[in-house]
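In the text below, chain A, chain B and the rest are named by the order of the sequence lines, each starting its count at 1. The figures that follow rest on heavy atoms only: side chains count, while hydrogens, waters and symmetry mates do not. Only a predicted model underlies this, so the values are computations on that prediction, with no experimental measurement involved.
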Protein chains: 2
Amino acid sequence: MYSKELLKGTIEIIILKLLVENGSMYGYEITQQVKNLTKGKIVISEGALYPTLHKLEAIGVLSTEIIHIGRRQRKYYHVSEVGKDISALKMQELSSFLHSLNQILDFKLSS
Amino acid sequence: MYSKELLKGTIEIIILKLLVENGSMYGYEITQQVKNLTKGKIVISEGALYPTLHKLEAIGVLSTEIIHIGRRQRKYYHVSEVGKDISALKMQELSSFLHSLNQILDFKLSS
DNA sequence: TCCTTATACCTTGGTATACAAGGTAATTAA
DNA sequence: TTAATTACCTTGTATACCAAGGTATAAGGA
């Protein structure tokens with residue numbers, strides 16, 4: 001696992017990116033997908049996930065829908081229209097920041 | 001200026017990288033070099049810089065030497081032998097983290 | 001049957017890191 | 001002589017994250 005500090009500021013963007021791409025996801029699904037995509041190297045804890053989702057919902061970036069699977073419930077999140085613009089800005093900001101950071105660290109990060 | 005949160009966890013590595021490369025620098029010089037290298041996009045505030053330098057000195061990663069320029073003093077920092085190993089590990093960790101992050105965000109970050 | 005693991009939501013308390021703002025003082029430029 | 005720059009520093013505040021805990025259903029293994 002990485003130094004916890006590195007994740008700071010990126011969790012929100014990770015969540016938004018996944019939601020924009022997949023249209024609609026529930027919390028647990030997000031944690032699993034992050035784990036899978038990064039082969040377990042990045043793990044979003046629930047103590048970070050849920051407060052972030054609730055905050056994004058509160059400010060109108062996300063909206064929710066509760067679905068019942070048997071007796072269990074799932075809360076699906078999706079990005080609102082306003083949220084899409086905000087997401088795009090945040091992505092752009094992170095991309096630009098990483099580019100600046102690379103000016104100092106000279107990492108080779110082409111995938 | 002970027003969202004402050006993005007810098008979290010990277011300031012220490014930025015400082016170490018510059019010190020490893022330049023051998024020896026003083027605080028103010030570090031802030032200026034970061035500003036120059038990133039065209040003003042990344043700015044390390046003094047409230048972040050000095051506590052970090054002091055912490056790294058306290059744990060033996062950095063050692064210091066005070067030089068007098070006229071009546072003014074400069075405190076030069078350089079990376080100790082142990083510090084070099086720790087720096088390398090931290091660089092590796094950040095590089096790996098960014099690679100994982102890229103698995104989700106698909107940025108094109110080749111410089 | 002029972003126990004563990006996985007699914008699925010959530011909250012609370014603690015920690016760490018950075019910023020804003022402030023303080024001191026010498027030097028240089030206008 | 002005044003402002004800007006150089007150069008060190010500290011204090012108080014915000015916040016984002018994690019660890020740990022809580023609740024409950026579902027599925028799989030012994």
task: Indicate for each nucleotide in nucleotides 12-17 of chain D, in 5' to 3' sequence, whether protein heavy atoms under 4.0 Å reach the base (B), only the sugar-phosphate (S), or nothing (-).
output: ----BS
Roughly how many Å is it from [atom1] in [X] to [atom2] in [N], rounded to a whole number?
X     : N     : atom1 : atom2 : answer
A/E57 : C/dC9 : CD    : C1'   : 13 Å
B/Q33 : D/dA7 : CD    : C1'   : 17 Å
A/L53 : C/dC9 : CG    : C1'   : 11 Å

message: Looking at B/E93 and B/K90, is any side-chain nitrogen of the basic one under 4.0 Å from a carboxylate oxygen of the acidic one?
response: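 No salt bridge links B/K90 with B/E93.
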message: Run the side-chain contact (heavy atoms from CB on, under 4.5 Å) test against A/E46 and tell me which residues pass, sequence neighbours left out.
response: A/Y50
field: Residues forming a side-chain contact (heavy atoms from CB on, under 4.5 Å) with B/E57, sequence neighbours excluded
entry: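 Expected list: B/T64, B/K75, B/Y77.
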- prompt: Can you find a side chain N or O atom of A/H54 that sits less than 4.0 Å from OP1 or OP2 on C/dC9?
  reply: no
Enumerate all atom pairs, one protein N or O and one N or O from nucleotides 22-24 of chain C, separated by less than 3.5 Å.
none

task: Five pairs at each end of the helix from C/dT1-D/dA30 to C/dA30-D/dT1: take the axis at both ends and give me the angle between them to 10°.
output: 20°
Among residues at least two apart in sequence or on other chains, which ones pass side-chain hydrogen bond (donor to acceptor under 3.5 Å, both in side chains) with [X]?
X     : result
A/K55 : A/E12
A/H54 : none
B/T52 : none
B/S63 : B/H78

Residues from residues 13-32 of chain A lying under 4.0 Å of DNA chain C - heavy atoms: A/Y26, A/G27, A/Y28
- request: Could you work out the complete set of other residues in the hydrophobic cluster of B/Y26, with links drawn between I, L, V, M, F, W and Y side chains under 4.5 Å apart?
  value: B/Y28, B/I67, B/I69, B/Y76
- line: Residue pair A/I44/B/Y50 against DNA chain D: nearer the 5' end by closest nucleotide is B/Y50
Positions of residues 64-75 of chain A (non-hydrogen atom under 4.0 Å from DNA chain D), listed by number: A/R71, A/R72
